[in-house]
Amino acid sequence: MDKYQPQDFEGTWYERWEENNYFAPSGNGNPFSIAIPPPNVTGTLHMGHAFQHSLVDSLIRFRRMKGDNTLWQMGTDHAGIATQLIVTEQLAAEGIKPSDLGREEFLKRVWQWKEHSGGTISKQLRRLGASLHWETERFTLDDGLSRAVLEVFVRLHEEGLVYRGKRLVNWDPVLKTSISDLEVESEEEQGHMWHLRYPIAGESNQFLVVATTRPETMLGDTAVAVHPDDERYKSLVGKEVLLPLADRPITIIADHYVDREFGSGCVKITPAHDFNDYDMGKRHDLPLINIFNDDASVNENAPAKYQKMDRYEARDAVIEDLQQLGLIEKIEDHTLAVPRGEKSGVVVEPYLSDQWFVKAGPLAEPAIKAVEDGEIEFIPKNYENTFFVWMRNIQDWCISRQQWWGHRIPAWYDESGNVYVARNEAEAREKHKLGNDTVLTQDEDVLDTWFSSALWTFSTLGWPDKTPDLETFHSTDVMVTGHDIITFWVSRMIMMTLKFVGEVPFKKVYVTGMVTDADGQKQSKSKGNGLDPLDIMDGISLDDLVAKRTESLLQPRMAERIEKNTRKEFPDGIRAYGTDALRFTFYSIATRSRTIRFDMNRVEGYRNFCNKLWNAANYVFMKTEDHDVSNKNVAPDVIDRWIVAELNHTVDVVSRAMETFRFDIAAKAIYEFIWDEFCDWYVELTKPILNAEEINDQVVNAKRFTLLSTLEQTLRLAHPFLPFMTEEIWQQIPEGIRGPGETIMQQNYPLSDASLIDSTASKDVAWIKDVVTGTRNIRGEMDISQGKPIPIIFFNGSDEDKARLEEHQTLLEFLIRPKSIESRVAGDDKPPSATHLVGEMELLVPLSDLINKEAEIARLDKEIERKEKEKTRAESKLGNSNFVDKAPDNVVQKERDKLADIDSALEKLKKQKAEISGL
RNA sequence: AGGAGCGUAGCUCAGCUGGUUAGAGCGCCGCCUCGACAAGGCGGAGGUCCUCGGUUCAAUUCCGAGCGUUCCUACCA
């Protein structure tokens, strides 16, 4: 075998798996299904995706090997706003506006774009090794899913759960569409607080002072509010102020919403441009004056002077004019949370418009109940609170978007503006008995992408038809997703699926932590701290990484800082670590923590681990090639029985960890078994036998058999986590050991077997390890190199110790490289020595010019001190009558045994020290 | 403001239903080119488990308060 170079085999194995259709459900066994959270067609794989999909792939591969009928359903969503934005930008580069093309032509362009560029994410998923069922891949805008969307919309409308209304919604003035609350991100920014004087009508030189962070909205004010119990203003309630610039009288109202302590205690009320004011406007029946066009320029409802100005131009003009009039009391610096559209980054405007909504309340109730009753279980459980809080305060969901790319709303209007909802125009006419003379035009808007995503688990399986797939694979078993998606998507899937399928979309929701950069910062394009998982698998030069992070930034001024940070963090770029190493890193960091700092050092560590396994396999093949590796019914020796038991134990730990989604525990168990037990001990322990020629072939072949079969089982055990290298190595295992299968993917997962537990073997090996480590410790601390042979005396050992020495002498000689090993008993000559205790037995390395007397005394002192500390603790516990009376007997007994052991050890150590000191 | 999480070795993190000599990886310090592996081997150092209380025979672990930190939700105009 060559050096470990993952890029040599990772790509080709994936192709072969896919060509051979290994990802398809087997058709046998218990159904186990997971629906992929649909990535955007526009999207590229980020670290969060790579993380989550790695976890899912291990679950899927684990279950497939367990014999389940396994489906990992692939699909993407159309990402309405994001995709339309990208294509619009491309057209802009050609000097074309979407309106030049018209709806039909524009959509053709989007589809073209999707065919050409939509596949990035699929390539990345393949590179990650994701064993998705590609053959049934779905897309939210394909015919089947569109049919499901229509069906759901129409049925909800028939039940009054979808309605149309004029409401204040979050409006993106660049994209010119409504967006949902969840697509708005508020960040604190520096701004100002302007204190404005509003003249009181009929009272010269009397003013009410209002404070605002958005002075331009004053043009749409329809009231000023004070607290009803505020003595300062009580007498003014019901009177009017004269709104400056607009020269309109507006009333002074009283409302408990007003905070008397804040600012002047007076608030300007602009019901058409603020959510709180909107509510207050409803309570007081205030008029709504909308002063903006859909691009946030000032409209004809404002004084002529400001019309057509952009909102920020208007702000400057308003301030200047008020200043001229002496109506600015003061201007203060102020930090405020500015809401920005997630996609465009522009400040979002509360905007009055006609929209479609889902009435969420009635749908939420069964969803809450499903989680309360445990039909759906969140892991970790505390995320259920997030879900409950959101669901119990759920607001109606604005589902219409003023876009072209998406599911067009199935509603038609006649010339008088009456609305007809149906699956198509013909049905609308039939349903409402409309003749052909009635002109119908379809609603121009499309549905929120999440509306179609909410139907994901069942629409992908063929609903509304009752397909065999739907029957077999729904409800799905697990949904793996980030906590930020619980409200967006998870909750909506639960609502819609219960409503239309009558069962939960999934039985378990595994909520992953969020992958951040090394400083705990959320990774984002704008911060330039994001990592592309492909760059970790395939490597990237520093310059390319810098270029990638600084291209097409929304805020180009960040480029310099991003470059500096990148050059500092990755001075040599990123090396190609391979998929297996990256995946193993993901499993290892998949703890219950909410944020997960991604540390490149760990990837390197796990790449080294892959290298270790690779080289161990190399050793196994070297030692077994061209030999008869059949078992020949020779009983395995104690070392072989030990490694089999260790492997068995690991299988047990890993299997249990997978049942509880503890990927970190599974990864740790595999890592420790392979490196600490198999490589560090077992492989070493095979060497004296496999290197020695005089031992009879049967024994050697038994050893070869265990070596190979243990490796083979280990590969199967690790395959869900390290899919590529395990396949590559497994293919080289002789068929006599691995069986005739074509791929490790379809082999059985190892089962743990209690009968393989072997306490004799584990005690024997523990003894060997103790003897070897003790000697190495003396060597290490005395700076005696491995090459220099030293004499060893086993002093005063039990019969068992003697038997073990006899049985394992060859092994010990190989591992310790002594000049000699001999057993002596009390009464025999006992030279002054460096000492290590193995239970009751003393392991002695006689003093010589190699061993420094002072160094040995220091070593003994350290050990004595350690034991004394333990002794003190044990004694104080046992000296406490409460402990002895109240603690369980086994705990007390354990403490007594411990104390006895310490005492015996201390006695020997002190005696040794005295003997040496006396020299 | 409300809610949630986190605080364990220099760094990144495990430690389940209380009893362990409190662990791992990386980093650090010694030694080692011995035929699987220097992307390695062997040995070692390093911790008031944030602070203060409480429950308990016993607290890193359970409870309360405080400090620090992160996130979510709602925002006072």
Side-chain angles (χ1 to χ4, degrees), chain A residues 1 3-4 181 186 193-194 210-214 217 225 257-259 261-270 274-277 334 336-337 380 382-383 385-386 389-390 393 483-484 486-487 514 516 518 520 522 575 577 581 588-589 591-602 604-623 660 662 664-665 668 671-672 676 679-680 683-684 687 691 772-773 776-787 814 817 866-867 869-870 873 877 880-888 890-892 894-895 898 902:
Chain A
M1 272 166 58
K3 284 189 76 167
Y4 174 62
D181 305 359
S186 291
M193 181 79 85
W194 286 271
V210 297
T212 181
T213 53
R214 307 187 53 207
T217 63
Y257 162 77
V258 180
D259 181 352
E261 309 300 318
F262 190 87
S264 61
C266 299
V267 193
K268 63 189 277 300
I269 303 299
T270 325
D274 182 282
F275 289 103
N276 287 313
D277 292 6
H334 183 74
L336 69 162
N382 50 320
Y383 284 107
N385 291 328
T386 311
V389 167
W390 165 259
N393 299 294
H483 65 85
D484 50 333
I486 293 175
T487 49
M514 198 179 60
T516 70
K522 206 168 171 172
R575 294 168 68 183
Y577 293 109
S588 302
I589 63 181
T591 64
R592 299 225 150 129
S593 167
R594 255 165 68 148
T595 55
I596 294 163
R597 291 184 199 219
F598 192 82
D599 183 357
M600 203 59 74
N601 289 324
R602 293 194 70 165
E604 188 169 339
Y606 294 118
R607 191 273 318 260
N608 294 351
F609 168 67
C610 291
N611 183 56
K612 189 75 178 174
L613 174 56
W614 184 265
N615 283 303
N618 187 32
Y619 167 84
V620 174
F621 293 136
M622 264 175 52
K623 292 295 177 193
T660 52
R662 287 306 302 265
D664 59 326
I665 291 175
K668 192 172 186 236
Y671 183 99
E672 287 176 348
D676 299 345
C679 293
D680 283 353
V683 162
E684 292 306 311
K687 285 178 182 175
N691 292 344
V772 172
T773 325
R776 285 175 177 169
N777 178 282
I778 292 171
R779 267 211 153 96
E781 300 226 338
M782 299 299 166
D783 287 348
I784 302 169
S785 81
Q786 305 274 325
F814 176 79
R817 293 178 196 284
R866 206 176 292 165
K867 295 276 183 212
K869 241 161 93 182
E870 281 180 55
R873 272 172 54 139
K877 270 188 183 175
N880 181 346
S881 59
N882 280 326
F883 173 73
V884 179
D885 292 346
K886 294 188 182 174
N890 61 328
V891 173
V892 176
K894 212 171 122 189
E895 208 62 34
K898 194 163 94 186
I902 294 168

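In what follows, chains are A, B, ... by sequence order, proteins preceding strands, each numbered from 1.
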Quick one: look up who [N] pairs with, Watson-Crick or G-U, both distances under 3.5 Å, and put none if it's unpaired.
N     : value
B:A74 : none
B:U69 : B:G5
B:G53 : B:C63
B:U17 : none
B:G30 : B:C42

[N] phosphate, OP1 or OP2: any side-chain N/O from [X] under 4.0 angstrom?
X      : N     : result
A:K668 : B:G25 : no
A:N777 : B:G44 : yes
A:N611 : B:G40 : no
A:R776 : B:G30 : no
A:R602 : B:A14 : no
A:K886 : B:G19 : no
A:R662 : B:G15 : yes

For the pair made of [atom1] in [X] and [atom2] in [N], what is the distance, rounded to whole Å?
X      : N     : atom1 : atom2 : value
A:R866 : B:U21 : CZ    : C1'   : 8 Å
A:K623 : B:C37 : NZ    : C1'   : 14 Å
A:E781 : B:G44 : CD    : C1'   : 6 Å
A:Y4   : B:G40 : OH    : C1'   : 16 Å
A:K877 : B:G18 : NZ    : P     : 15 Å
A:K612 : B:C26 : NZ    : P     : 12 Å
A:N615 : B:A36 : CG    : C1'   : 5 Å
A:Y671 : B:A24 : OH    : P     : 11 Å

Pick base, sugar-phosphate or nothing for [X], based on heavy-atom distances below 4.0 Å to the nucleic acid.
X      : value
A:K898 : sugar-phosphate
A:R597 : sugar-phosphate
A:C610 : nothing
A:F609 : nothing
A:R779 : nothing
A:N385 : nothing
A:T773 : sugar-phosphate
A:K869 : nothing

Least distance between heavy atoms, A:Y383 atom then A:R594 atom: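 It is OH-CG, 2.8 Å.
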Residue met sooner reading RNA chain B from 5', once A:R592 and A:N382 are mapped to nucleotides: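 It is A:N382, whose closest nucleotide lies nearer the 5' terminus.
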Nearest-nucleotide comparison on RNA chain B, the residue closer to the 5′ end among A:A616 and A:S785: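 Mapping each residue to its closest nucleotide by heavy atoms, the 5'-most match is A:S785.
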Using atom [atom1] of each nucleotide, how far apart are [N] and [M] to the nearest Å?
N     : M     : atom1 : answer
B:C42 : B:G25 : P     : 11 Å
B:A22 : B:G66 : P     : 32 Å
B:A24 : B:U69 : P     : 31 Å
B:C13 : B:G47 : C1'   : 14 Å
B:G7  : B:U55 : C1'   : 23 Å
B:A74 : B:A4  : C1'   : 15 Å
B:G10 : B:U56 : P     : 35 Å
B:U12 : B:C76 : P     : 37 Å

Lys/Arg cation over aromatic A:Y606: A:R602, 6.0 Å, 45° cone: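 Negative - A:R602 is either too far from the ring of A:Y606 or too far off its axis.
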Under 3.5 Å donor-acceptor pair, A:K687 side-chain atoms to B:A36 base atoms: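 Such a pair is found, so the answer is yes.
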For [Y], is there any backbone N or O sitting under 3.5 Å from a side-chain donor or acceptor partner on [X]?
X      : Y      : answer
A:N615 : A:N611 : yes
A:R779 : A:S785 : yes
A:D277 : A:T270 : yes

Basic-acidic side-chain contact under 4.0 Å: A:K898, A:E895: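 Yes.
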Check: protein-nucleotides 70-77 of chain B nitrogen or oxygen pairs below 3.5 Å:
| residue | atom | partner | partner atom | Å |
| --- | --- | --- | --- | --- |
| B:C71 | O2 | A:R594 | NH2 | 3.3 |
| B:C75 | O3' | A:N276 | ND2 | 3.3 |
| B:C76 | OP1 | A:Y257 | OH | 2.6 |
| B:C76 | OP1 | A:N276 | ND2 | 2.3 |
| B:C76 | N3 | A:D259 | OD2 | 3.4 |
| B:A77 | OP2 | A:H334 | NE2 | 3.4 |
| B:A77 | O3' | A:T213 | N | 2.8 |
| B:A77 | O2' | A:A211 | O | 3.2 |
| B:A77 | N6 | A:D259 | O | 2.6 |
| B:A77 | N6 | A:F262 | O | 3.2 |
| B:A77 | N1 | A:D259 | N | 3.3 |

